[in-house]
Structures are given as structure tokens and as C-alpha cells.
Amino acid sequence: MQNSEIAKAFFDLANLLDIKGENPFKVRAYKNAARVIEGLGESIEKMVHEGEDLTKLPGIGKEIAKKIQELVTTGKLKKLEKVKKEVPPTLLDLLSIEGLGPKKVHELYTKLGITNLKELQEAAKKHQISKLRGFGAKTEEKILKGMHLLKQEGIRFLYAVAKPIAFNLKAYLLKAPTIIKVVIAGSFRRAKETVGDLDILATAKEPALVIDYFTQYPDIIEVVVAGDTRATVVLKNMLQVDLRVVQDKSFGAALQYFTGSKDHTIALRNMAIDMGIKMNEYGVFKGNKLLASKDEIEVYKSIGLCYIEPELRENRGEIEAAAKNALPKLITLQDIKGDLHMHSTFSDGIETIKTMAQKAKLLGYEYIAISDHSASLAIAKGVDEKKIQSYIKEIETTEDEVGIKIFKAMEVDILEDGSLGASKEILEQLDFAWAAIHSKFKLDKTTQTKRILKALQNPFVKGIAHISGRIIAKREPMQLDYETIFTFLAKEGKFLELNAQPERLDVTDVYAKKAKEMGVKFVINSDAHSSKQLEFMEFGINQARRGWLEAKDVINTSSLKEIEALFN
DNA sequence: GCCGTTTTCGGCCCGACTGTTTTCAGTCG
């Protein structure tokens, strides 16, 4: 059973109990546990099988641990089954309408007998809803409007897609009356691989003027809420944007609050409470005394912590590390000295080796590797016995012409049985190869893991590229025993690729952190198929930072000399 | 239901906005 399935069971349980009117703190406890499970790096099922103590996880106590055990071993949760008999589970769908929460759904169910979206729509059309106490004409209208917005729910935007949208909005807002600062905050600032909405923080002398100006942005299709200091709108592309405007003196406190994550901020505020301190978006206070507000460094310092980089703010141990002054010094784009995975017209790249090399030189790299596909991958028309000589010659010529070190490499396909899609005769003419899977993604976990390990045993293979094979929101990751693979990589001194393609970002942040803890070394590669795509390195760095990686964990931060030594 | 270096009981982040009220509950982030 996947962590996500277990988390969903607890979310459903929490929401149904909430609708039923159960103690809200108990509801919150279930939701907290669900979030912890969702964000966990390792399989809860595996932890149960290995007899690990689940109550060591934050937010999981004796009762929830027992329920997890029950779910994993029987596939069912008696308490959830029981609640589903008391409260129709189709009521959960009603919660996805803007403005409907557990209390209102409870009223609709008990007073009007509404159990699903269809009945809700009918009741709204007959104007039965506005007659209920606590409801009115506006709520009824909102329900009817919310019905057709529902389908769009839950879509997330790739970071790389959201970026230009965010920058356009920022440029627009910087022209707002009395504006001082504009920062894209939220999950975008934390550089998550996808963002569900954009959270923008602004400071201004007169916030209300900025809100008014914001709601006139041409790409808006709906203004959901607009008050004096905050507004929520939906853009034509269905991206939701939240703007918060505060006085400039509150910038640091507001930025911390609006960057999140929610779990991180709640943990900070709880820590502050223990110290007799109150934290909100206006500042950090002891009684009436303002301790900090103007910048984030000061805000963190006021509760005894050093500054925590946004990418780490997920309540995954960063607060404890900050308290001990043991945070990692995160890798930056400037640390990267070369790119070791890219394609050319010799396989499915759209530009020549020369164009790729020129662009790499422009980016300031000391070295690159051209790593076209092996011929076994028919779709990419790779390098076979007939092409290998011209491939090598072209790389050598370009190296001299452009004046940048170019490694002769290959992204060699891993076949179904774990053997490689290129012969020894081809491989021994190259500097090294990355191994990668491009087909048969659905093999079971044991078979898939063995397949990768077998490929990695080949001496020409220096590492594994885009390990999970996932395409965000399009293809599920393969089932793998990551621990076994990471153990092998660390022991053999082979490398784990962090693929920077914005829809891959493979490995994920959570697994990167785990691999690092196990002593694995990384290579961050653009996997560029055009010279423009060499700039994707930025997205790989984002993911690496979210995975707590430092320059010393990543081999392509090394100088050419060091890299050559590594490959010999 | 979870949690605890003052606590095993009594707390549980905190504030903006809306729509419905006639001073505030519910929802949201």
C-alpha cells in the first residue's frame, strides 16, 4: 500500500468526522498525521513490516500507529468503514466547492438531506438553500458557480511554467500606486517542482490601492475575494493567485508567513509559544514588545534560530538543524562547472555537438559530456556501430574548435533483463556511460530493482540517469527499492543523477536527501535536447537545494582535473 | 488524537474576508 493511499484514508476519515461534528482537534490530529505520511521519504508499509516504531514520527501516536498497522495488514480501516455508514462519503465532494466547509456541509446534510453534488445543485436551483439559517442568496449563487469550476480543481503548474507567469505579475505589480516591494512567496519561493497557486507578498504605503490595481490585471477571469490587504484571483489559465499587502516595516514577518510551508510556520509558532512569544505576519512579539519584523534573518533570530533557506522550509528537520546551527550550506547554480548529460543530432537532440558546446562555453562551463542515446532506443535513432566513429571524431574536432573539454559519453538504454543497449566494443571507446530505463516501467519492485542493479554493475556505467522514470503528472514513477540501489551506489562509488528537466526532476527532493544521508554522490544534469535547454540546470539546482544537497555532494561542481580523476 | 526539560491534563497558529448577522461563525490560507 502506497503512502498516498494511507494518507488519503486519514484525510477522508478526518473530513467525515469534521462533517459529523467531531472534536476539531481530533480532526486536526488525523489531518496532521495524513500530511506527515504523505511527505515521508520511505514506505510506511515497509516500516510496518520491519517492525519500526511509528510513534517516533511527528504527529503519530499510539492510536494512529495502530490504525496504520491495521490499514497495511488488512487493507481496511474499521473506523473509516463505520463513519462511512454514518455519514455518506459522497459528502466529501461537497468540500471541494469554494466556500463550503464541514459546518455548512453538515447543515446541508442534516437539514435538507443533501448527500452528493447532484442533489446540491438541484437544491440550489430550487432556492432551498438560501432559506437555511446561516445561508443566503450569495451562498446559493456561489454553489451554482462553484459546480462548473470543480473539475479544474487540484491542477498544479510545473515550476518552470509558473515562472514566467509569476514574473509578469511581479513586473505589473511593481507599477502599482505606493508600491515598495514585491516578492513571489509560497511554494514558488520554496522552489517546489509544481505550484498549486501563486502567493505574492507586496509592501506599500497604501495597501488598498495595490489590491485595487491588482484586481485589474488583464489576465484575470475571476476575483474570488478582495479586501483591504489581501485578494485572491483566478487567471485565464486557471492559476489562482493570492496577493497580500502589508506595511514595509512588517516585510520580514509577512514574508516568513507567506512563504510557509504551513507545517514549517506552525512549528515555528509553536516553538515561539513555548518561549512565551507570539508570531504573526506583523512581527514577533513578547507581550506588547516587538522583537522582530523587518527581515527574515531577524525573525528567525528572535526565536533562537539561524536563517533557514526557503527550499528547506518543509518541517523535515530544518528547524532542529537550525537550532543546532547544523543547516547545510546549499548548492547554488554558480557552483556548477559542467553539464554531463546532453544530446545532439546524433540521437534525438535538435542541435549539433558544436552548437551545444558553444552554448555551454557561454554559460561558463569548464567541461561537458555529449551523451547521445544508444541505438537500442529505436525512437531516438541512437549511436550504433556505424555511427560511433563519426560520433567520436566530431566530439574531438569540436573540443578543439570550441575550446571546452567534451567527454565522450552515452545514455545507454537498460533493456528488460538489465543488460545494456550498447555493445562492449562501443562502450570501451567512450569515457563513460549513464544507464537509464526508457521502457517497461511497470515491472514489479523486485524485478525493476534487480534490472537497475545489473546495469549498474557494468564497469563502463558510472551512474543511473532519471532513476524513477516519472514524468510529472503524466507518468507514475517506477516501483523501486531505493535503499538497496542507494546502498549499491554509495559502496561502488557510482553516481545518482538529478535530472533537471522540469517535468522529470528525478530524483525527487525527498529521495535526494535520503541518498545523501546514505553517502551517495550526485551529478546534476540538464539532459538538454537543445542548447536552450542547457539552462534547465537551474531547475535541477532548485530540487537539489530542496534535497539538502551541498556543492560537495555533487560531482559536477568539481574542476575539470578532479572530474577527470573521478572517471579514471 | 497528540504532546510534554515548568505539564500525563489541558492545551492545540493566527489573522483576513465574507456573508450573514445585529456582533460573529465559518472558511481560507
Side-chain angles (χ1 to χ4, degrees), chain A residues 10 13-15 17-19 21-37 54-68 79 94-108 129-143 146 185-187 195-201 207-208 211 215 223-233 240-246 250 253-254 256-285 303 315 319 323:
Chain A
F10 284 110
L13 179 59
N15 283 324
L17 289 175
D18 208 358
I19 292 170
E22 179 66 85
N23 174 0
F25 296 109
K26 191 188 275 194
V27 170
R28 188 184 302 172
Y30 280 127
K31 284 191 184 174
N32 283 342
R35 263 203 308 275
V36 167
I37 294 164
L54 298 177
T55 63
K56 280 201 205 120
L57 298 170
I60 293 178
K62 254 170 74 182
E63 293 303 313
I64 293 183
K66 245 195 276 176
K67 289 186 174 65
I68 293 173
K79 177 151 179 139
L94 271 56
L95 292 176
S96 51
I97 291 180
E98 162 87 31
L100 285 193
K103 296 288 188 297
K104 286 215 158 77
V105 171
H106 176 87
E107 286 299 292
L108 291 167
I129 289 169
S130 54
K131 294 191 188 90
L132 284 181
R133 193 182 162 76
F135 291 75
K138 292 233 170 147
T139 309
E140 203 167 65
E141 219 176 281
K142 240 182 166 176
I143 286 171
S187 53
V195 298
D197 61 8
L198 283 179
D199 298 302
I200 306 180
L201 174 71
I211 296 289
T215 58
V223 177
V224 184
V225 291
D228 288 338
T229 71
R230 73 179 306 160
T232 296
V233 304
Q240 181 176 309
V241 184
D242 297 321
L243 173 68
R244 183 71 198 266
V245 192
V246 298
S250 302
Q256 193 296 305
Y257 155 74
F258 223 39
T259 298
S261 66
K262 188 183 162 80
D263 286 352
H264 174 87
T265 299
I266 289 176
L268 289 186
R269 289 181 178 187
N270 282 326
M271 221 182 113
I273 290 171
D274 291 343
M275 301 164 71
I277 290 172
K278 187 174 87 163
M279 275 182 92
N280 60 29
E281 59 263 55
Y282 300 109
V284 184
F285 303 88
I303 52 169
N315 199 21
I319 296 173

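Letters go in sequence order (proteins before strands), and every chain restarts at 1.
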Next item on the list: Flag this pair as yes if the NZ/CZ of A:Lys67 is under 6.0 angstrom from the six-membered ring centre of A:Phe10 and inside a 45 degree cone about the axis; otherwise no.
Entry: no

Margin query: Return the pairing partner of B:dT8 with a 3.5 Å limit on both distances, Watson-Crick or G-U wobble; otherwise return none.
Written below: none

Item checked: Whole-angstrom distance between B:dA16 and B:dT6, as gauged at atom C1' -> 35 Å

Next item on the list: Starting at atom NZ of A:Lys131, determine the distance to atom P of B:dT21, rounded to an integer number of angstrom.
Entry: 14 Å

Note to self: Taking any heavy-atom pair under 4.0 Å as a contact, classify A:Lys66: base, sugar-phosphate, or nothing.
What the structure shows: nothing

Item checked: Along DNA chain B (nearest heavy atom to each residue), the more 5'-positioned of A:Asp274 and A:Asn270 -> A:Asp274

Notebook entry, point to check: Atom CD1 of A:Ile273 to atom P of B:dC12: distance rounded to whole Å?
Noted result: 7 Å

Next item on the list: In sequence, state the C-alpha distance, the side-chain angles, and the governing distance for A:Gln240 and A:Val224, and then conclude on side-chain contact (heavy atoms from CB on, under 4.5 Å).
Entry: CA-CA 9 Å; A:Gln240 181 176 309; A:Val224 184; 5.6 Å; no

Margin query: Nearest to the side chain of A:Lys104, heavy atoms from C-beta on, is which of B:dA16, B:dT27, B:dG1?
Written below: B:dT27

Margin query: Of the options B:dC2, B:dC13, B:dA16, whose atoms approach the side-chain atoms of A:Thr229 most closely?
Written below: B:dA16

Next item on the list: Remember a base hit wins even if backbone is also touched, and classify A:Glu140 as base, sugar-phosphate or nothing at under 4.0 Å, heavy atoms.
Entry: nothing

Note to self: By the 4.0 Å heavy-atom rule, please label A:Phe135 as base, sugar-phosphate, or nothing.
What the structure shows: sugar-phosphate

Margin query: If I take atom CG in residue A:Leu100 and atom P in nucleotide B:dT18, what distance separates them, rounded to the nearest angstrom?
Written below: 17 Å

Next item on the list: Give the rounded distance in Å between these two atoms: CD of A:Glu107 and C1' of B:dT27.
Entry: 15 Å

Next item on the list: For A:Ala33, answer base if it contacts any base atom (sugar-phosphate contacts may also be present), sugar-phosphate if it contacts only those atoms, and nothing otherwise; contact means non-hydrogen atoms under 4.0 Å.
Entry: nothing

Notebook entry, point to check: Distance between the C1' atoms of B:dT5 and B:dG19, in whole angstroms?
Noted result: 47 Å

Margin query: Is it the case that the side chains of A:Lys262 and A:Asn315 hold a donor-acceptor pair, with the cut-off being a distance below 3.5 Å and no angle test?
Written below: no

Item checked: Whole angstrom value for the distance that separates P of B:dC17 from CZ of A:Arg244 -> 7 Å

Item checked: P spacing across the pair B:dG10 / B:dG15, given as an integer number of angstrom -> 25 Å

Check: Which nucleotide in the set B:dA16, B:dC28, B:dG19 lies at the smallest distance from any side-chain heavy atom of A:Arg230?
Finding: B:dA16

Next item on the list: With DNA chain B as reference, determine whether A:Gly134 or A:Lys26 sits nearer its 5' end, using the nearest nucleotide of each.
Entry: A:Lys26

Check: B:dG1 C1' sits how many Å from A:Glu22 CD, rounded?
Finding: 9 Å

Check: The side chain of A:Arg28 lies closest to which of these nucleotides: B:dA16, B:dT20, B:dC13?
Finding: B:dC13

Margin query: Measuring from the side chain of A:Asn280 (C-beta onward, heavy atoms only), which nucleotide among B:dC14, B:dG1, B:dT27 has the closest atom?
Written below: B:dC14

Note to self: Need one value for A:Lys278: base, sugar-phosphate or nothing, where a base atom within 4.0 Å counts as base even if backbone is also close, heavy atoms only.
What the structure shows: sugar-phosphate

Check: A:Ile64 and A:Gly59: which non-hydrogen atoms are nearest, and at how many Å?
Finding: CD1-O, 4.2 Å

Next item on the list: Select one nucleotide: of B:dC13, B:dC28, B:dG26, the one nearest the side-chain heavy atoms of A:Arg269.
Entry: B:dC13

Notebook entry, point to check: With respect to the phosphate group of B:dG29, does any side-chain polar atom (N or O) of A:Thr232 fall under 4.0 Å of OP1 or OP2?
Noted result: no

Note to self: Let's see if you can work this out: which of B:dG29, B:dT18, B:dT22 has an atom nearest to the side-chain heavy atoms of A:Phe258?
What the structure shows: B:dG29

Notebook entry, point to check: Rounded to the nearest Å, what distance is computed from the CD1 atom of residue A:Ile211 to the P atom of nucleotide B:dA16?
Noted result: 12 Å

Margin query: Could you measure the distance from the OG1 atom of A:Thr139 to the CG atom of A:Leu100? Nearest 0.5 Å is fine.
Written below: 8.0 Å

Item checked: Nearest-angstrom distance from the residue atom NZ of A:Lys103 to C1' of B:dT18 -> 17 Å

Notebook entry, point to check: Does A:Thr139 put a side-chain nitrogen or oxygen below 4.0 Å from OP1 or OP2 of B:dT20?
Noted result: yes

Next item on the list: Using only side-chain N and O atoms of A:Lys62, determine if any of them is under 4.0 Å from OP1 or OP2 of B:dC3.
Entry: no

Next item on the list: Select one nucleotide: of B:dG15, B:dG1, B:dG19, the one nearest the side-chain heavy atoms of A:Asn23.
Entry: B:dG1

Margin query: Taking only the C1' atom of each, what is the distance from B:dT27 to B:dT20 in whole angstrom?
Written below: 13 Å

Note to self: I need the A:Asn15 CG to A:Tyr30 OH distance, nearest 0.5 Å.
What the structure shows: 13.0 Å

Next item on the list: State which of B:dG1, B:dT27, B:dG19 makes the closest approach to the side chain of A:Tyr30.
Entry: B:dG1

Next item on the list: Determine the Euclidean distance between corresponding C1' atoms of B:dC3 and B:dT8; express it in Å to zero decimal places.
Entry: 10 Å

Checklist line | Sugar-phosphate, base or nothing in reach of A:Pro102, heavy atoms under 4.0 Å | finding: sugar-phosphate

Next item on the list: Give A:Asp228 one of three labels, base, sugar-phosphate or nothing, depending on what nucleic acid heavy atoms sit under 4.0 Å from its own.
Entry: sugar-phosphate

Margin query: So, taking the atom named CD1 in A:Ile129 and the one named NZ in A:Lys142, what distance separates them when rounded to the nearest 0.5 Å?
Written below: 13.5 Å

Next item on the list: For A:Ala272, answer base if it contacts any base atom (sugar-phosphate contacts may also be present), sugar-phosphate if it contacts only those atoms, and nothing otherwise; contact means non-hydrogen atoms under 4.0 Å.
Entry: nothing

Checklist line | Short side-chain N/O contact to B:dA16 OP1/OP2 from A:Tyr282, under 4.0 Å | finding: yes

Next item on the list: Taking atom C1' in both B:dC28 and B:dC13, compute the distance separating them and give it to the nearest angstrom.
Entry: 14 Å

Item checked: Glycosidic class, syn or anti, of B:dT22 using a 90° window around 0 -> anti

Item checked: Smallest separation among heavy atoms of A:Thr265 and A:Gln256, with atom names -> OG1-NE2, 3.4 Å

